Amino acid sequence: METWKNYIDGKFADAASGRTYDALNPATGEVLAKVPQSDAPDVDRAVKAARRAFDTGGWPETSARERGRILFRIAAWVRANAERLATLETLNNGKPLAEAEGDVADAAFCFEYYGGLATKIHGEVLAVPGKAFAMTLREPVGVAGLIVPWNYPIMMAVQKVAPAIAAGCASILKPARPTPVTMLEMAKGFAECGLPPGVVNVLSGPGSSIGSALVKHPGVDKISFTGSGDVGREIMREGAATLKRVSLELGGKSPNIFFADADFEAAVEGALFGVFINQGEVCSAGSRVLIQRPIYRKMLDAMVEKAKKIRLGPGIDRETKMGPLVNQEQYDKVLSYIEIGRKEAKLALGGSPVSGLPKGCEKGFFVTPAIFYDVDNAARIAREEIFGPVMSVIPFDDEEDAYRIANDTPFGLAAALWSRDHFKVMRAIKRLRAGIVWVNHMQPAMVEAPWGGFKQSGFGRELGTYGLDEFTEVKQVYMNLDEKPIGWYK
Ligand code: NAD
């Protein structure tokens, strides 16, 4: 079993208390790693290191070219270590290896993308009256606390760390408690690639102590958070005392809408992919599948037949298409929703114990794909985020009916629609209240394109140029070009 240390001020260190906790392999329930159980004093050390790097260490004054070069070196380090990172991601999170490999490749590209953008951060010249000149500068927001969830441990972290470095911020990254391993590993790359001490610090531990300590710390200027709505609300409350800049990427209950004219085969696979990829532990999961009545029964039957063949197993096995859920807590939560669903709707698939798992996986947190149908959009399984492989199928009559049901949710992260009629597609794009709308696909997330929610799915955007804006402040500069006195007080 390997052990990992925190990365603070350019050095690898145990928690100040010397305490550790076990990070598990969810496919077997066995201990994968020992990692530091950090606490408020560790957060304080990391924030002080970040402040030094930012306030007196010269990091914000580093040339944009240099920050870009460091990001390119980190990208190369990620590619050189891709196999190890992907394997660790799968062992710690549970996801199939091919998915982890995709995440690592995206992470490497994300460093490259922001490495390129580092030299393109600039303000603008403004037209102002009189003998004067005005312009804006884009400056780093300062010290940022980056708090991430466990479903995409590498990607969720990198899409914050990379723009923070590009912008000239210093940061403290807190991975989710169950899945700290890959970002603690990546800290070795930060050290090797010449990132100055304190510019990125990585600490493992529980959100209730170290996450909260980061949010309350007066030395932190900004919190960039991805996670649940409940914790997002808590962060807004706790961050209010020091008026933290906050951006929140929260959950969803996204509709995946199938019009009767959609390509049938693509639709069936797209509905399953939309909700069962990554074991359903996806913020943008298409967990509400809306099907137009003429194809409702046929599509439901075809989805059930195809979903029966999804192969469950440890993510590390190349044949696996669905791994275990991340831990016991998530497993219990998903099973409890399946019990709730049994009372609210009809169950076409799932809800039974998993069979045929390889030896050693008896204690893994596996749940078979579940498909509920004839679900009322008011049911709990249609309103609450389950974050597991549970699909709620809802019929609709016409376009208006589809938009009404799709938008009848407190969330607004994503929506997808499937149709071959471009008039209908354009109408739907305009009517759906969500930060991301996919057409004839669901889930691709591009580093180049903005990601974030409407409504209670949060605010702020990650990725693309928008993700960089979140780590900058705008400074206005006004210059008088008239050498005479103002002439107001005669
Ligand atoms: P969570 O909210 O429980 O935890 C997220 C992070 O916050 C973790 O690092 C956790 O330790 C920390 N945390 C917990 N309590 C805290 C506190 N009081 N103060 C500060 N930090 C605290 O979420 P999770 O269970 O790890 O992840 C699942 C959730 O994340 C789902 O709701 C999902 O939709 C959401 N998510 C959203 C996106 C997106 O891009 N919108 C992406 C992935 C996941």
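Remember, it's a predicted structure, so these values are computed and weren't measured experimentally. Counting convention: from 1, in listed order, for ligands and their atoms alike.
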Looking only at protein heavy atoms, which one is nearest to atom 36 (N) of ligand 1, and what is the separation? Cys283 CB, 3.5 Å
Under 4.0 Å to a heavy atom of Glu385 - the qualifying atoms of ligand 1, by number: 31 (C), 32 (O), 33 (C), 34 (O)
Should you measure from each heavy atom of Asn151, which atoms of ligand 1 turn up under 4.0 Å away? 43 (C), 44 (C)
Considering only heavy atoms of Thr226, which atoms of ligand 1 have at least one such atom less than 4.0 Å away? 5 (C), 36 (N), 37 (C), 38 (C), 39 (C), 40 (O), 42 (C), 43 (C), 44 (C)
Would a line drawn from the ring center of Trp77 to the ring center of Phe72 be shorter than 6.0 Å? no
Would you indicate which of Ser209, Gly207, Ser228 comes nearest to atom 16 (C) of ligand 1 when only heavy atoms are counted? Gly207
Is the shortest side-chain N to carboxylate O distance from Lys216 to Glu238 below 4.0 Å? yes
Within less than 4.0 angstrom of ligand 1, does Tyr152 place any heavy atom? no
Going by heavy-atom distance to atom 18 (N) of ligand 1, choose the closest among Lys216, Glu249, Arg177, Glu234. Glu234
Tell me the protein heavy atom at minimum distance from atom 25 (O) of ligand 1, and give that distance in Å. Trp150 NE1, 2.9 Å
Checking Ser204 side chain against Pro36 main chain: does a donor-acceptor pair fall under 3.5 Å? yes
Which residue and heavy atom of the protein sit nearest atom 28 (C) of ligand 1, plus the separation: Phe387 CE2, 3.5 Å
Do Trp418 and Asn256 have a side chain donor and acceptor closer than 3.5 Å? yes
How far is atom 19 (N) of ligand 1 from the closest protein heavy atom, and which atom is that? Ser212 N, 3.4 Å
Answer yes when Lys333 and Glu281 have at least one side-chain N-carboxylate O distance shorter than 4.0 Å, and no when they do not. no
With a 4.0 Å heavy-atom cut-off (strictly under), which part of Glu462 contacts ligand 1: side chain, backbone, both or neither? neither
Pro175, portion touching ligand 1 at heavy-atom distance under 4.0 Å: backbone
SB check Arg245 Glu473 (cutoff 4.0 Å): yes
With a 4.0 Å cut-off on N to O distance, would you call Arg84 and Glu185 a salt bridge? yes
Look only at interatomic distance and state if Ser457 has a nitrogen or oxygen under 3.5 Å from any nitrogen or oxygen of ligand 1. no
Could you tell me, atom by atom, which parts of ligand 1 come under 4.0 Å of a heavy atom of Gly211? 19 (N), 20 (C), 21 (N)
Ligand 1-proximal atoms of Val148, by part, heavy-atom distance under 4.0 Å: backbone
Hey, which atoms in ligand 1 end up nearer than 4.0 Å to a heavy atom of Trp451? 39 (C), 40 (O)
Protein heavy atoms near atom 2 (O) of ligand 1, is at least one of them under 4.0 angstrom away? yes
Gln328 side chain vs Phe365 backbone, donor-acceptor pair below 3.5 Å: no
With atom 35 (C) of ligand 1 as the reference point, say which of Gly458, Gly227, Pro149 has the nearest heavy atom. Gly227
Can you find a side-chain donor-acceptor pair between Lys120 and Thr465 that sits under 3.5 Å? no
In ligand 1, the atoms that come under 4.0 Å of a heavy atom of Met156 are 42 (C), 43 (C)
Just checking, is any N or O donor in the side chain of Glu470 or Ser224 under 3.5 Å from an acceptor N or O on the other one? no
Which atoms of ligand 1 sit under 4.0 Å from any heavy atom of Ile147? 6 (C), 7 (O), 9 (O), 12 (C), 20 (C), 21 (N)
Does ligand 1 have a heavy atom under 4.0 Å from the side chain of Asp230, from its backbone, from both, or from neither? neither
Can you spot which of Lys455, Arg383, Arg433 makes a salt bridge (Lys or Arg N to Asp or Glu O under 4.0 Å) with Asp408? Arg383
Do you see a donor-acceptor pair shorter than 3.5 Å between the side chains of Thr20 and Gln37? no
Please tell me whether Ser171 and Lys222 have a donor and an acceptor in their side chains that are separated by less than 3.5 angstrom. no
For atom 41 (N) of ligand 1, what is the nearest protein heavy atom, given as residue, atom name and distance? Leu250 O, 2.7 Å
Of Ile277, Val367, Val275, which is the lone residue that meets side-chain contact (heavy atoms from CB on, under 4.5 Å) with Pro389? Val367
Gly453 heavy atom under 4.0 Å from ligand 1: no
